[in-house]
Amino acid sequence: MPLDSQVPEGPLQQKWDRHRFELKLVNPANKRKYEIIVVGTGLAGASASATLAELGYHVKTFCIQDSPRRAHSIAAQGGINAAKNYQGDGDSIWRLFYDTIKGGDFRSREANVYRLAQVSVEIIDQCVAQGVPFARDYGGLLANRSFGGAQVSRTFYARGQTGQQLLLGAYSALMRQIGMGQVRMFPRREMLDLVLVDGCARGIVVRNLITGAIESHSAHAVVLATGGYGNAYFLSTNGMNSNVSAIWRAYKQGAFFAHPSFVQIHPTCIPVHGDYQSKLTLMSESLRNDGRVWVPKKAGDTRPPEEIPESERDYYLEEKYPSFGNLVPRDVASRNAKQQCDQGKGVGPTGYAVYLDLRDAIRRDGVDAIRKKYGNLFQMYERITDDNPYKTPMMIYPAIHYTMGGLWVDYNLMSTIPGLFVLGEANFSDHGANRLGASALMQGLADGYFIIPYTIGGYLASATLNPVDEHHTAFGESVKRANDITEKLLSIKGKRTVSDFHRELGHILWEHCGMSRNESGMRKAKELIPALREAFWKDVNVPGASADFNQSLERAGRVADFLEFAELLVEDALSRKESCGCHFNEIYQTADHEALRDDEACCYVAAWEFTGQGEAPRLHKEPLTFENVGLTQRSYK
Amino acid sequence: MSKTINLTLKVWRQKGTGDKGHMEIYEAREISTDMSFLEMLDGVNNKLTLEGKDPIAFDHDCREGICGMCGAVINGIAHGPQKETTLCQLHMRHFKDGDTVVIEPWRAKAFKVIKDLVVDRSAFDKIIQAGGYVSVNTGGAPDGNTIPVPQKTAELAMDAAACIGCGACVAACPNASAMLFVGAKISHLALLPQGRPEAAQRALSMLRKMDELGFGNCSNETECEQVCPKAISITNIARFNQEFLKAGLLSPET
């Protein structure tokens with residue numbers, strides 16, 4: 001099956017307008033005849049649910065948490081990009097488009113990215129209208145800051161809690177629709193399967209996490225906005241409940257999975273300090289605006305930072321990338337930190353950390369100014385590490401943060417399964433092989449507020465859908481599949497806990513398919529993962545019963561999916577014979593140790609098709625063409 | 001620097017909403033002082049699982065102090081002894097070797113226990129559904145800079161908007177009042193020009209919903225402010241009262 005991206009004809013700037021005109025419309029009186037399921041209530045899911053309900057569709061929304069307000073979007077700190085050019089510093093829709101394409105190392109679709117830059121402007125207006133308390137200048141106008149990788153100030157923010165405030169905006173819009181009866185909300189539900197009728201997505205099967213009951217829900221279309229799969233690595237900056245299960249099970253029903261190996265490593269996280277650790281905490285990248293990254297010049301220097309004189313400090317990013325300095329993109333910053341530590345110049349008790357020092361900024365601007373900008377981040381750092389960053393530099397190290405891969409979608413954000421739409425981090429689009437800071441929030445809200453409301457209408461208006469309800473035999477089959485997995489997990493009663501397996505899987509992935517990869521490591525991972533999966537299904541211990549609030553069972557199901565998915569992640573990494581963005585294969589590098597792309601052979605989207613349990617997945621390639629930006633080697637020198 | 005301590009835990013165990021709960025005692029041994037409180041519970045649960053016992057159910061997600069999902073009463077204090085801290089950001093260095101730690105769920109009529117330390121806080125969502133929003137449809141919003149917001153006002157609104165909806169304020173209040181939560185929401189939107197037009201209706205309907213759901217009233221105990229992980233000030237309750245009075249006396253809304 002050739003992958004049809006459905007990108008409209010015509011000049012880049014006119015594609016979206018033209019497409020919106022060409023899409024068939026659903027008559028307002030007919031919208032109420034349609035039911036749409038939305039899974040996930042982060043920025044993409046909550047905004048989509050609210051907007052679809054505003055239009056008149058009946059929406060059923062599901063989330064895993066106790067309240068839609070707790071989706072993981074809430075943890076985003078730094079900000080949201082928009083090409084408003086309020087600062088008059090040279091920004092434009094074209095520049096945001098260009099930066100995003102280049103930042104993604106030319107592995108994303110031009111038309112999608114341009115549209116993202118276009119609607120970015122409307123997102124800010126929408127959020128302001130909702131009462132999102134963005135930072136303001138003294139004159140009362142919206143404030144901006146520059147953010148990782150960008151040379152213009154286009155990032156809007158609400159202290160260090162931008163994700164929370166944007167999510168509360170979308171959540172309040174959703175709550176309004178629930179109050180009006182237009183959305184039915186199902187919290188504490190986990191999607192276990194996607195239900196297809198006549199080849200189209202027509203519903204989902206979920207587990208009620210409180211009672212353990214398996215529930216069936218039908219609809220005319222299904223929207224997945226279930227976030228990223230970074231927790232495959234066990235330690236990550238993701239919330240503990242973030243998982244791959246919903247999109248993985250959709251993959252097994254026929255949705256192609258694109259770019260699973262494109263995972264972003266965030267350069268500024270609090271380093272690992274113990275083997276009991278459950279998560280890695282991210283320190284906002286905005287710190288790099290005022291912070292200087294350094295290590296001792298001499299390997300093995302264990303002196304405390306205040307005893308290391310200026311002449312013996314290596315500000316390696318500033319020296320290597322003078323025009324970007326500490327603001328190089330995330331993959332470049334991450335790899336350089338690893339390089340320094342590999343050379344024995346890492347600091348702290350483990351040697352896997354570098355300093356992020358705000359000393360000079362504190363001297364220049366004063367403690368009060370720094371406290372105002374970064375106070376909550378400093379407080380958070382001190383709480384976790386027991387070190388005072390006003391006095392001593394912070395220690396940071398890269399950690400798994402965001403996943404650019406996800407289900408393949410066309411320009412309409414529809415997967416290869418008709419009627420299954422995928423939004424936000426759960427899809428693969430827009431970020432390519434690397435994501436610029438402050439772009440995730442932008443994509444989530446763009447998809448939910450401004451894209452899906454149009455494209456889902458186009459689908460519903462042109463599809464022929466027979467009436468289907470929860471009694472259809474397809475639901476029975478999915479319920480059986482879901483029940484079988486649950487019963488199997490509970491029957492093993494082995495000797496190892498779920499988190500024990502999860503930790504081991506994370507270790508394999510981080511070691512062999514993390515920040516930098518090589519062929520032998522990846523081959524090793526391909527042997528280790530199936531062996532671990534086999535051990536899991538023989539020796540896992542899942543206590544309790546299915547008809548109960550059983551958190552061990554929840555986790556077991558997710559880890560079972562991670563164990564399958566991890567293999568695809570490694571397979572994808574192995575198949576990409578180049579380095580690009582965050583995908584760094586050691587064979588393919590320039591003399592300066594930068595990622596070396598192969599635009600002749602690898603300028604494609606890798607979309608994987610499930611061919612059966614235990615069978616090798618089939619690779620499909622969507623060629624990427626760049627008509628508006630020249631494919632250039634990324635250079636931040 | 002990290003060291004290890006041993007603790008005795010007294011944990012509230014309750015099978016389900018209608019069941020009778022009881023305290024159980026567990027030993028938590030060789031706990032690194034760098035661990036978070038939830039990581040300590042992870043360790044205890046690991047041991048319980050391997051012993052064939054039911055692990056302790058507790059809610060959590062981001063473990064960064066922002067999602068508001070975690071929370072338990074530790075030695076009588078919601079989110080434990082450290083000020084302005086969620087349970088996930090409470091580290092074991094604040095406990096001493098040999099301490100006994102009592103762990104209980106939020107207790108309030110409006111928050112039913114689901115299991116062990118997990119409670120149902122959906123009442124908060126219902127209060128928001130009653131009016132905790134600005135009525136605006138997507139598309140066609142005016143440019144964000146057309147209505148300037150004085151920086152000070154935006155900061156005050158942000159102070160209120162920082163509420164994470166964890167429910168500690170309700171758990172700490174002798175009346176199980178939700179006034180701090182609702183006050184924060186009312187203040188956030190009432191301070192901004194975008195939220196102003198509906199301020200009166202919002203105050204009335206949210207208050208009505210709050211009463212209906214079984215939350216008590218505020219009697220100025222200030223316990224809520226003491227335990228709030230985001231330092232939400234009780235001045236927000238004063239602003240709520242002000243909005244309510246304005247709505248009751250001066251506006252046609254009833």
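Numbered from 1 within each chain, the chains take letters A, B, ... in sequence-line order.
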Residue selection (most heavy-atom pairs with chain A, distance under 4.5 Å) from [options]:
options: B:Asp120, B:Asp42, B:Asp159; value: B:Asp159
options: B:Glu84, B:His94, B:Lys53, B:Met40; value: B:Glu84
options: B:Ala157, B:Gly195, B:Ala161, B:Pro150; value: B:Ala161
options: B:Thr153, B:Leu90, B:Asp54, B:Ile114; value: B:Ile114
options: B:Gly68, B:Ser36, B:Gly16; value: B:Gly68
options: B:Gln194, B:Arg93, B:Arg121; value: B:Arg93

_Angle between ring planes, B:Trp106 versus B:His79, binned at 30° and 60°: parallel, tilted or perpendicular?_
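Geometry flag for B:His79 against B:Trp106: perpendicular rings.
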Please determine whether a side-chain nitrogen of the Lys or Arg among [X] and [Y] lies less than 4.0 Å from a carboxylate oxygen of the Asp or Glu.
X: B:Arg208; Y: B:Glu212; value: no
X: A:Asp539; Y: A:Arg496; value: no
X: A:Glu554; Y: A:Arg558; value: yes
X: B:Glu64; Y: A:Lys279; value: yes
X: B:Glu155; Y: B:Lys152; value: no

For [X], is it the side chain, the backbone, both, or neither that has a heavy atom closer than 4.5 Å to a heavy atom of chain A?
X: B:Gln82; result: side chain
X: B:Gln89; result: both
X: B:Ala162; result: both
X: B:Pro55; result: side chain
X: B:Thr17; result: neither
X: B:His188; result: side chain
X: B:Ile127; result: neither
X: B:His60; result: both
X: B:Thr49; result: both

Check whether [X] gets within reach of chain B through its side chain, its backbone, both or neither, counting any heavy atom under 4.5 Å.
X: A:Thr385; result: backbone
X: A:Gln277; result: both
X: A:Ser499; result: side chain
X: A:Ser552; result: side chain
X: A:Gln161; result: side chain
X: A:Phe450; result: side chain
X: A:Leu280; result: backbone

Under 3.5 Å donor-acceptor, [X] side chain and [Y] backbone:
X: B:Arg202; Y: B:Gly131; value: yes
X: B:Asp116; Y: B:Arg13; value: no
X: B:Asp59; Y: B:Cys70; value: no
X: A:Thr162; Y: A:Gln77; value: yes

Of all of [options], which one pairs up most often with chain B through heavy atoms under 4.5 Å apart?
options: A:Gln165, A:Arg159, A:Gln551; value: A:Arg159
options: A:Glu122, A:Gln65, A:Gln130, A:Arg69; value: A:Arg69
options: A:Val121, A:Ile210, A:Asp137, A:Asn241; value: A:Asn241
options: A:Ser278, A:Gly239, A:Ala135; value: A:Ser278
options: A:Ile124, A:Thr281, A:Ile384, A:Leu168; value: A:Ile384
options: A:Val128, A:Ile178, A:Asp125; value: A:Asp125

*Verify whether the ring centers belonging to A:Phe501 and A:Phe234 lie closer than 6.0 Å.*
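They do not qualify: ring centres at least 6.0 Å apart.
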_salt bridge (charged side-chain N to carboxylate O under 4.0 Å, His left out) involving A:Asp548 - partner list, sequence neighbours excluded_ =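 Counting only residues at least two positions away or on another chain, A:Asp548 forms a salt bridge (charged side-chain N to carboxylate O under 4.0 Å, His left out) with B:Lys115.
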*Does one side chain, of A:Asn231 or A:Ser242, offer a donor that lies under 3.5 Å from an acceptor on the other?*
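Note: A:Asn231 and A:Ser242 side chains miss the donor-acceptor criterion.
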*Does the side chain of B:Ser32 come under 3.5 Å of the side chain of B:Asp34 through a donor N or O and an acceptor N or O?*
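Side-chain D/A pair, B:Ser32 to B:Asp34: absent.
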Side-chain donor-acceptor contacts of residues 136-149 of chain B below 3.5 Å, not counting sequence neighbours, with atom names and distances?
residue  : atom : partner  : partner atom : Å
B:Asn137 : OD1  : A:Arg176 : NH1          : 3.1
B:Asn137 : OD1  : A:Arg176 : NH2          : 3.2
B:Thr138 : OG1  : A:Thr51  : OG1          : 3.2
B:Thr138 : OG1  : A:Glu54  : OE1          : 3.2
B:Asp143 : OD1  : A:Tyr86  : OH           : 2.5
B:Asp143 : OD1  : B:Asn145 : N            : 2.8
B:Asp143 : OD2  : A:Lys84  : NZ           : 3.2
B:Asp143 : OD2  : A:Tyr86  : OH           : 3.3
B:Asn145 : OD1  : A:Leu142 : N            : 2.9
B:Thr146 : OG1  : B:Asp143 : O            : 2.6

*List the steps and the verdict of side chain to side chain contact (heavy atoms under 4.5 Å, CB included) for B:Ile77 and B:Ile74.*
CA-CA 5 Å; B:Ile77 306 168; B:Ile74 309 303; 5.8 Å; no
